[in-house]
Amino acid sequence: MTKLNPWQFLSTMREVSGLQHAAHILAFSGASRLNLENSMSPPIGLEAASEHAGGKALDEATRALLDLSPTERLTAIDELMASSHGRHDPWLLEAPAKRFAEIVDSVSSVRCSFEASLHTALLLAIRGKEVLFVSQNKDICDFAQSLAVLLECKLQVLCADPLARTDATNFEAEVAFPPFGSKPMNTGQIPRRTLAILDAEEGKKRLTEDVLALADALAQSTGQTILCVPDGLMYRGVGVEPLAREALVASGRLKGILAVPGGMIFPNTMVDTDVLVLAPSNMDCSKVRMLDLSHPSFSGRTVRGRPEILPGTSWVRFLDESAPIEEMFAKDVTLEEIKEKDFVLSINRYLLPPAAAALESFLERSRTIELQDAAELIRPLSLGKAEDGEFTIFEASPADVAQHGLLKKPHKTSTLERAQMRKARNQRLLPGDVILSVKGTIGTAGLVPADAPTGDEDGFWTAGQSFMILRPKHGGLSGEVLYEYLANPTVVEALRTLAGGSAIQSIAIKDLRAFRVPIPSDDDADHARRTFQLRQERHAQISEIMAAIEEDRTNSWPNRDLSLAKS
C-alpha cells in the first residue's frame with residue numbers, strides 16, 4: 001500500500017469530508033496522539049475517511065504530519081489551501097500573512113478581525129503572542145479552533161461580529177481584513193461611537209463593512225492597527241467615505257498607506273487594495289508614509305500575470321520613519337498636502353508614476369489653464385431606446401475612433417421617439433468636438449470630422465456614456481490642438497492615473513475639469529494643426545494603397561476562382 005505523505009493526508013481529508021470536518025479530524029488525531037487536553041470527539045465520517053484512505057496508510061500519514069513542527073504543519077495546510085483555492089475561500093496565503101505578522105511582531109497581544117486574518121493570527125499565536133481571532137462565521141471559527149489544537153498554539157476564538165465589539169479586552173495591536181463592499185448584517189449591533197464618526201447614527205446612510213471597520217478603528221483606544229480596504233474607499237466622493245477619510249486624517253493616527261496591486265494579497269480578486277497603518281491613539285503623526293508595493297522592488301508577475309510578493313522583501317522596514325526612501329516607490333506626505341487634495345488618499349495623487357511626473361515637468365514650463373476653461377464639458381446621458389421610433393441616430397464607442405484619430409461613422413444605431421430627441425440633441429456631436437473616454441477604456445481620444453452630419457431630426461452622431469464630449473470654447477484652443485495634446489501617450493498615461501474604481505475604472509468629473517492643459521504659442525498651434533492634417537492625408541494614401549493591394553490579391557490565383565462568395 002502506498003504511504004501517504006502529510007500533504008496527501010490533508011488533501012484526502014478535504015476530498016472525503018470537506019474542509020471544516022477535515023480540520024476536526026486533524027485536531028482529534030493530533031490531540032489523541034499528543035495527549036493534549038481537549039474534549040473534542042471525533043466527527044462523523046472519521047471511520048469512513050480512514051477506510052477511504054486505506055486504514056494503515058492514513059494512520060501513518062497522520063503520524064508523519066505530527067512529526068512535523070507546528071510551523072511545518074501550518075505550511076502543509078497553506079499548501080493545501082493554495083492548491084485548491086475557491087473563489088470565496090478566506091484563507092490568506094503565506095507571503096502576505098507573514099508580512100502582516102511582521103508589522104505587529106513587536107507587540108505581545110493582537111486582535112485579528114474577520115475571516116481573512118486567520119492565517120496571520122495563527123502565525124502570531126505560534127510565536128507565543130496572545131491572540132484573539134474574531135469572526136461571525138461559525139465554520140471558520142470551528143476551523144480556527146481545530147487548527148490551533150493541531151498547531152499546538154494558544155488561540156482565543158470568538159464567534160461574533162468584529163464590529164460589535166462584544167469583547168472587552170484591550171490589545172496592543174489589531175489586524176483587520178473586512179470583506180470589501182459587504183453590507184453589515186445588523187447595524188444595530190454597531191456601537192454609537194463608531195456610527196457617530198460617519199454621522200450615520202440614524203441608519204439612513206449606505207454603509208459597508210470596510211468603511212465601518214475604518215470608523216471602528218478610529219473609535220478604539222487600541223494600539224497599532226493594520227486595516228485592509230479597497231482603493232475606492234480612498235478617493236470616492238459620495239456617501240460616508242469622505243467623512244471617514246477626513247476623520248482618519250484629523251485623528252493624526254495615520255502612519256502609512258501601502259498601495260497593493262489587485263491580486264497580490266487576495267489572489268481571487270484584482271481589486272486594488274490599500275493597507276492602512278494606524279499608530280496608537282496616544283501618538284500624533286504629522287506625515288504619512290506612502291509606499292507603492294506594485295514597484296519591481298516589491299513585486300513580480302506570475303505566469304498568469306497576477307502580481308506576487310517578491311521573496312525576501314520587507315514591508316515593515318519601509319514603514320520606519322528613519323528608513324531611507326526612494327521617490328520612485330515611496331514618499332512622506334504631510335497632512336496639509338492631504339487636506340489640499342480634499343482628503344483623497346489614493347497614492348497616485350502623491351507618488352507620481354513616470355508618465356505623470358514627465359507631464360508635470362512639461363506643464364511647469366508652460367502657461368496652462370484647466371480643461372474646463374479650454375472646453376465645454378458635456379456628459380452624455382442614457383437616451384433609452386424605442387423599437388418603433390421614427391428617428392435614427394448613431395452612438396460612438398471607443399472602437400469607432402480610427403487609428404488616425406478621427407471619429408468614423410459609429411456602428412451602434414438607436415431608434416428614438418420624438419420625445420427622446422430633445423435630450424439626444426443636447427449631446428449631438430459637432431465638427432471639431434473632441435471625445436475623450438473617461439470610463440472603461442480610459443484615455444481614448446478622437447476628433448469629430450468636418451463632414452459629420454449635424455441635422456436636427458435624423459442621422460446625427462452622439463457619444464456613448466463612456467465618453468466626455470469636449471467642445472472647444474470660442475477664441476481658445478482648436479479641436480485639432482486639444483486632440484493632439486490629449487492623444488499624446490504620456491498624457492494618456494497621466495490621465496489613467498486619475499482613474500479609479502473596483503470593477504470599471506472611471507475618472508471623476510471634478511478631476512477631469514481640473515486637468516491642466518498647456519497653451520501653445522501661435523506658431524506651435526499652427527504647426528500642430530498642419531501636422532494633424534498632413535497625417536490625415538498620409539493615412540488616406542495608406543488606405544488607398546492597402547485597398548489596391550487587397551484588390552490585386554483578390555484578382556490573382558487562386559483567390560480569383562476560389563472564394564466563399566462564389567461557392
Side-chain angles (χ1 to χ4, degrees), residues 87 90 92-93 95-97 99-100 103 114 116 176-182 208-211 213-214 226-239 241-242 244-245 248 254 256-277 288-302 304-310 313 315 318-319 328-331 333 338 341-356 437-443 492-508 511:
R87 181 174 177 82
L92 211 64
L93 298 184
R99 297 305 188 282
F100 292 118
I103 295 176
F114 302 98
F177 298 145
F180 293 171
S182 176
T208 56
E209 291 197 82
D210 38 44
V211 74
L214 176 53
I226 311 300
L227 176 63
C228 233
V229 297
D231 185 57
L233 178 54
M234 297 293 95
Y235 65 83
R236 279 194 294 258
V238 297
E241 282 90 345
R245 292 196 301 272
L248 174 60
L254 183 57
I257 299 177
L258 311 182
V260 189
M264 197 163 92
I265 293 180
F266 305 106
N268 293 321
T269 175
M270 294 305 290
V271 175
D272 289 340
T273 304
D274 289 292
V275 179
L276 307 182
V277 181
V288 179
R289 175 153 291 189
M290 296 190 174
L291 191 63
D292 181 10
L293 296 184
S294 67
H295 191 271
S297 300
F298 299 99
S299 69
R301 293 278 175 179
T302 62
R304 295 183 178 181
R306 180 174 59 82
E308 192 170 73
I309 298 172
L310 290 181
T313 56
W315 296 355
F318 287 98
L319 287 171
M328 292 297 293
F329 61 76
K331 185 178 181 180
V333 180
I338 295 173
K341 293 187 181 293
D342 198 24
F343 299 97
V344 170
L345 293 173
S346 288
I347 194 172
N348 57 21
R349 302 298 174 91
Y350 306 92
L351 189 61
L352 296 179
S437 178
V438 295
K439 184 177 181 181
T441 308
I442 303 293
V492 172
E493 285 300 314
L495 277 167
R496 287 173 179 166
T497 66
L498 299 179
S502 300
I504 300 176
Q505 296 275 293
S506 62
I507 299 177
D511 292 330

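- A side-chain donor-acceptor contact under 3.5 Å links D210 to the backbone of G181.
- Summarising the geometry of I226 relative to I103, their closest heavy-atom pair is CD1-CG2, 3.3 Å, with the distance given to 0.1 Å.
- Note that CG of L227 and CG of L254 are 10.5 Å apart. Values are rounded to the nearest 0.5 Å.
- To the nearest 0.5 Å, atoms OG (S297) and CG (D292) are separated by 9.5 Å.
- In this structure, the separation between CG on L258 and CE on M290 is 11.0 Å, given to the nearest 0.5 Å.
- Side chain of D272 to main chain of P261: no donor-acceptor pair is present (N/O by atom type, distance under 3.5 Å, no hydrogens or angles).
- A tilted orientation is assigned to the rings of F329 and H295, their planes being inclined by 30° to 60°.
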Inset, instruction - In sequence, state the C-alpha distance, the side-chain angles, and the governing distance for F100 and W315, and then conclude on ring pair (Phe, Tyr, Trp, His ring centres under 6.0 Å). - result: CA-CA 9 Å; F100 292 118; W315 296 355; 5.6 Å; yes
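- The backbone N or O of G443 lies less than 3.5 Å from no partner atom in the side chain of R496, so there is not a single donor-acceptor pair.
- Shortest non-hydrogen contact noted between C228 and F177 is CB-CD2, 3.4 Å.
- Taking CG from L233 and CZ from F180, the interatomic distance works out to 9.5 Å, rounded to the nearest 0.5 Å.
- Taking CG of L291 as the reference point, atom CG of D274 lies at 11.5 Å (rounded to 0.5 Å).
- A donor-acceptor distance shorter than 3.5 angstrom exists from the side chain of R245 to the backbone of R236, with no hydrogens or angles considered.
- Nearest heavy-atom pair across A499 and I442 is CB-CG1, 4.0 Å.
- In this view, R349 and K341, V344, S346, L498, D511 satisfy the side chain to side chain contact (heavy atoms under 4.5 Å, CB included) rule, not counting sequence neighbours.
- Atoms CG and CZ, from L319 and R289 in turn, are 8.0 Å apart once rounded to the nearest 0.5 Å.
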